[in-house]
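These notes are about the structure you will find just below.
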2 protein chains.
Amino acid sequence: MTIKDIAALCGVSVSTVSRVLNNHPDVSAQVRSRVMEVVQANHYIPSNSARDLVRTRSDAIGLVVRGTANPFFAEVLKTMEAKVTEAGYTMVLHQIGTCDDELQAGAMLERDKKLRGLLLLGGRSDYAKNDVAALNVPFVCCTYDNSYGTLGEEEYSSVSIDDEQEACRAVKSLIGKGHRRIAALISARNDRSISELRYGGYRRALKEAGIALDETLVEETGSFQMPEAYEAMERLLKRTGEFTALFAISDAMAVAAIKALDDAGRRVPEDCSVIAIDGITMSAYTLPTLSTLIQPADQIAAEAVRILVDRIEGRAAGRHVQVATILRPGRSVCVNQE
Amino acid sequence: MTIKDIAALCGVSVSTVSRVLNNHPDVSAQVRSRVMEVVQANHYIPSNSARDLVRTRSDAIGLVVRGTANPFFAEVLKTMEAKVTEAGYTMVLHQIGTCDDELQAGAMLERDKKLRGLLLLGGRSDYAKNDVAALNVPFVCCTYDNSYGTLGEEEYSSVSIDDEQEACRAVKSLIGKGHRRIAALISARNDRSISELRYGGYRRALKEAGIALDETLVEETGSFQMPEAYEAMERLLKRTGEFTALFAISDAMAVAAIKALDDAGRRVPEDCSVIAIDGITMSAYTLPTLSTLIQPADQIAAEAVRILVDRIEGRAAGRHVQVATILRPGRSVCVNQE
DNA sequence: CTGAAAGCGCTAACAC
DNA sequence: GTGTTAGCGCTTTCAG
């Protein structure tokens with residue numbers, strides 16, 4: 001069933017049907033309702049392929065989300081959609097796996113949907129010039145920047161927290177409570193991304209407090225998932241129990257770690273304080289509720305859309321915003337009782 | 001940059017470029033490598049719109065996921081993708097919000113991507129004949145069926161748990177532990193879907209045990225989210241504390257309820273046992289770990305793909321599979337101690 | 001092995 | 001207010 005069939009069924013031309021379908025004003029009410037009738041009756045749906053192909057320009061902003069599982073992204077996504085609409089654009093969402101390439105996905109979307117701009121939610125922090133050359137519209141990296149890449153400041157935009165700084169802050173808050181033997185649960189020491197950055201913050205906090213780094217207190221999970229975090233914590237506990245606090249680089253990892261501690265007979269926070277970074281909804285409802293530095297999802301989303309729209313409309317060049325986290329005090333941290 | 005530009009740049013025709021791009025064998029190695037070179041250098045990406053438009057048939061199976069937030073779906077999705085590939089098809093994923101219409105989204109996808117079949121993950125349980133008339137390929141409803149609809153058995157396929165039966169089983173397990181005053185945390189009494197079905201199972205379990213239904217022990221959350229579940233639990237606790245166990249229709253709701261109970265000074269399971277249905281990863285890592293009936297994600301996914309492929313290849317008519325849940329014993333249930 | 005040409009279904013001028 | 005028609009970028013016969 002094509003627009004041609006509908007036109008024939010109605011005894012009008014394809015352009016008239018097209019006009020009705022696209023809410024153009026210059027169609028008589030009579031013809032309009034007749035066309036709508038036939039469209040409904042035949043369950044006719046216009047082909048987006050054909051539409052996208054013929055349209056030379058759109059008001060669409062693309063959003064490529066890398067990592068469906070990340071619950072934090074769901075919250076950002078919601079606000080982004082609202083802000084994009086508010087700015088008079090439409091949003092095209094595209095989710096990809098953690099293993100997929102967000103730049104390639106973005107380039108594809110740009111091509112197909114004739115995007116005006118691109119929002120990248122989660123991605124690599126090591127873009128080279130040639131990587132982003134595939135993109136011909138402004139883009140904003142959300143929740144990450146280009147710490148390990150070779151892009152110039154002007155060549156991209158970003159909105160994120162200062163991962164190194166915030167991790168440092170989290171660990172220092174532990175130190176402030178009298179903890180000196182602080183374990184770290186990270187994804188990987190050198191993932192050229194979030195984990196590496198936050199691990200760097202952990203190391204700096206220790207250093208600035210005059211505490212020597214003890215690598216036996218650091219465990220890598222290899223992922224951001226709960227099962228792997230639980231297992232990593234088991235390994236750590238098997239190796240050494242000599243710590244009074246734990247810094248986890250994400251909420252989900254922290255929650256799994258608390259369970260591992262509990263299973264090993266160590267109470268949280270009495271026997272081990274736990275702090276993390278993220279601030280997802282879930283960790284506010286687990287017991288004990290998690291103390292964490294929350295990434296302000298709404299602010300990140302709003303800022304990202306604002307920057308992108310400004311760029312699209314020619315009001316700005318590459319801009320980089322770092323938003324501050326907010327401490328959400330839970331019940332997982334207490335003063336060192338040793 | 002179009003295929004024409006690439007052709008011009010290479011000094012060949014568009015058909016040759018097309019052949020290279022689609023891995024057709026009849027192109028000389030020399031020309032092939034030259035074309036690839038130019039494609040890479042120019043970051044050329046073929047237009048999917050144009051491709052989809054011209055292609056009359058594909059090997060694609062569409063997957064429409066309704067409700068990004070649902071962590072259970074993420075697990076099903078993964079297995080589905082593997083099984084679809086294994087069967088020699090490609091998968092096209094499309095995520096929509098809880099408020100969107102999965103049939104419309106599916107019809108659109110079918111049209112655009114020339115689908116051979118459709119997998120619907122999460123959806124309404126009350127389709128009428130006219131609703132599904134928009135679909136021209138076989139489809140399988142996953143995690144739900146048509147309990148409240150008017151479809152004939154032959155008109156669709158489904159893979160799900162028996163929500164009423166499993167809820168009944170969950171509540172009976174509570175009764176078996178000596179509980180008689182059992183509260184229920186549901187989404188809505190009459191959502192014509194999961195919540196209504198599971199609430200029905202709750203009522204039947206009570207009835208068959210000779211326990212009168214006490215509506216004051218039933219609270220509606222209006223959603224499946226944790227904050228709403230927490231608040232609903234607060235309302236319930238404010239109204240009455242006279243229950244020794246709680247049945248929640250989902251894991252996430254149960255975890256939030258446990259937190260509400262804890263905040264109200266009631267220990268789980270000592271003061272109140274809690275059981276739910278779902279079996280998401282998260283609830284195995286909260287404290288106390290949740291006792292729940294797990295929906296076997298892998299089995300649902302595998303079964304759904306098998307049914308769909310059978311239908312596509314003409315080996316079967318509408319088929320309906322109900323998979324059994326598996327009890328995952330946690331620490332949230334104990335014998336009634338009153 | 002390679003090229004020319006016919007559409008896929010639709011929108012948007014441009015006529016009437 | 002309505003119809004005619006030229007492409008959008010691509011794949012795919014069909015020739016050579």
Side-chain angles (χ1 to χ4, degrees), chain A residues 1-39 42-60 90 107-116 134 136, chain B residues 1-36 38-39 42-60 90 107-115 134 136:
Chain A
M1 180 74 41
T2 76
I3 196 173
K4 227 168 163 175
D5 300 318
I6 300 295
L9 252 34
C10 296
V12 298
S13 73
V14 291
S15 19
T16 299
V17 177
S18 176
R19 286 187 187 98
V20 173
L21 259 21
N22 293 286
N23 285 317
H24 288 211
D26 46 355
V27 181
S28 73
Q30 202 173 358
V31 171
R32 182 181 297 276
S33 67
R34 165 116 189 80
V35 170
M36 289 304 273
E37 218 168 72
V38 174
V39 165
N42 293 75
H43 300 286
Y44 166 71
I45 296 175
S47 157
N48 284 313
S49 307
R51 283 184 149 170
D52 290 341
L53 187 58
V54 76
R55 206 188 317 263
T56 51
R57 190 191 143 137
S58 80
D59 281 330
T90 59
M108 218 154 179
L109 208 60
E110 176 195 327
R111 178 92 156 102
D112 290 345
K113 300 295 180 186
K114 268 98 182 178
L115 299 182
R116 303 287 299 281
N136 306 297
Chain B
M1 181 72 43
T2 76
I3 196 172
K4 225 168 164 175
D5 300 317
I6 299 296
L9 251 35
C10 296
V12 298
S13 73
V14 290
S15 10
T16 299
V17 177
S18 176
R19 285 187 188 97
V20 173
L21 260 20
N22 294 285
N23 285 316
H24 288 212
D26 46 356
V27 181
S28 73
Q30 202 174 0
V31 171
R32 182 181 299 276
S33 66
R34 165 115 190 82
V35 170
M36 289 304 273
V38 174
V39 165
N42 294 77
H43 301 285
Y44 166 70
I45 296 175
S47 156
N48 284 313
S49 306
R51 284 185 148 170
D52 290 342
L53 186 59
V54 76
R55 204 189 319 262
T56 50
R57 189 193 143 132
S58 81
D59 280 330
T90 59
M108 221 152 174
L109 209 60
E110 177 195 326
R111 179 92 157 103
D112 290 345
K113 300 295 179 186
K114 269 98 181 178
L115 300 181
N136 305 298

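Numbers restart at 1 for each chain; the letters A, B, ... are given by sequence-line order, proteins then strands.
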Less than 4.0 angstrom between a side-chain N/O of [X] and OP1 or OP2 of [N], yes or no?
{"X": "A:Ser47", "N": "C:dG9", "result": "no"}
{"X": "A:Arg51", "N": "C:dT11", "result": "yes"}
{"X": "A:Thr2", "N": "C:dC8", "result": "no"}
{"X": "A:Ser18", "N": "C:dT11", "result": "yes"}
{"X": "A:Ser13", "N": "D:dG3", "result": "yes"}
{"X": "B:Ser49", "N": "D:dG9", "result": "no"}

Quick one: closest heavy-atom pair of [X] and [Y], and the distance?
{"X": "A:Ser47", "Y": "B:Leu53", "value": "OG-CD1, 4.2 Å"}
{"X": "A:Tyr44", "Y": "B:Arg111", "value": "CE1-NH2, 3.6 Å"}
{"X": "B:Pro25", "Y": "B:Arg32", "value": "O-NH2, 3.7 Å"}
{"X": "A:Ser49", "Y": "B:Asp52", "value": "OG-CB, 3.5 Å"}
{"X": "A:Asp5", "Y": "A:Thr2", "value": "OD2-N, 2.8 Å"}

Starting from [atom2] on [N], measure out to [atom1] on [X] and report it in whole angstrom.
{"X": "A:Lys4", "N": "C:dT11", "atom1": "NZ", "atom2": "P", "result": "15 Å"}
{"X": "B:Asp52", "N": "C:dC10", "atom1": "CG", "atom2": "C1'", "result": "14 Å"}
{"X": "B:Lys114", "N": "C:dC8", "atom1": "NZ", "atom2": "C1'", "result": "7 Å"}
{"X": "A:Asp26", "N": "C:dA13", "atom1": "CG", "atom2": "C1'", "result": "13 Å"}
{"X": "B:Asp112", "N": "C:dC8", "atom1": "CG", "atom2": "C1'", "result": "13 Å"}
{"X": "A:Met108", "N": "D:dG9", "atom1": "CE", "atom2": "P", "result": "16 Å"}
{"X": "A:Arg57", "N": "C:dT11", "atom1": "CZ", "atom2": "C1'", "result": "16 Å"}
{"X": "B:Arg19", "N": "C:dC1", "atom1": "CZ", "atom2": "C1'", "result": "8 Å"}

When you measure from the side chain of [X], which nucleotide among [options] comes out closest?
{"X": "B:Arg111", "options": "C:dT2, C:dG9, D:dT11", "result": "C:dG9"}
{"X": "A:Val12", "options": "D:dT11, D:dG3, D:dT4", "result": "D:dG3"}
{"X": "A:Ala50", "options": "C:dG9, D:dC10, D:dC14", "result": "C:dG9"}
{"X": "A:Thr16", "options": "C:dT2, D:dG3, D:dC10", "result": "D:dG3"}
{"X": "A:Tyr44", "options": "D:dG1, C:dG9, D:dT5", "result": "C:dG9"}
{"X": "A:Val14", "options": "D:dT2, D:dT4, D:dC10", "result": "D:dT4"}

If you find the nucleotide of DNA chain C closest to A:Asn48 and the one closest to B:Ala29, which residue's nucleotide is nearer the 5' end?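 It is B:Ala29 whose nearest nucleotide is closer to the 5' end.
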Considering heavy-atom distances to DNA chain D, does B:Leu53 or B:Ser15 have its closest nucleotide positioned more toward the 5' end?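 Closest to the 5' end, via its nearest nucleotide, is B:Leu53.
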Just checking B:Asn22: base, sugar-phosphate only, or nothing, at a heavy-atom cut-off of under 4.0 Å?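 It contacts sugar-phosphate atoms only.
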Checking all strands, does B:Arg55 fall into the base, sugar-phosphate, or nothing category for heavy-atom contacts under 4.0 angstrom?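 Here B:Arg55 touches no strand at all.
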Quick check for you: to the nearest 0.5 Å, what is the distance between A:Ser18 atom OG and A:Ile6 atom CD1?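 Spacing of OG (A:Ser18) from CD1 (A:Ile6) equals 12.5 Å.
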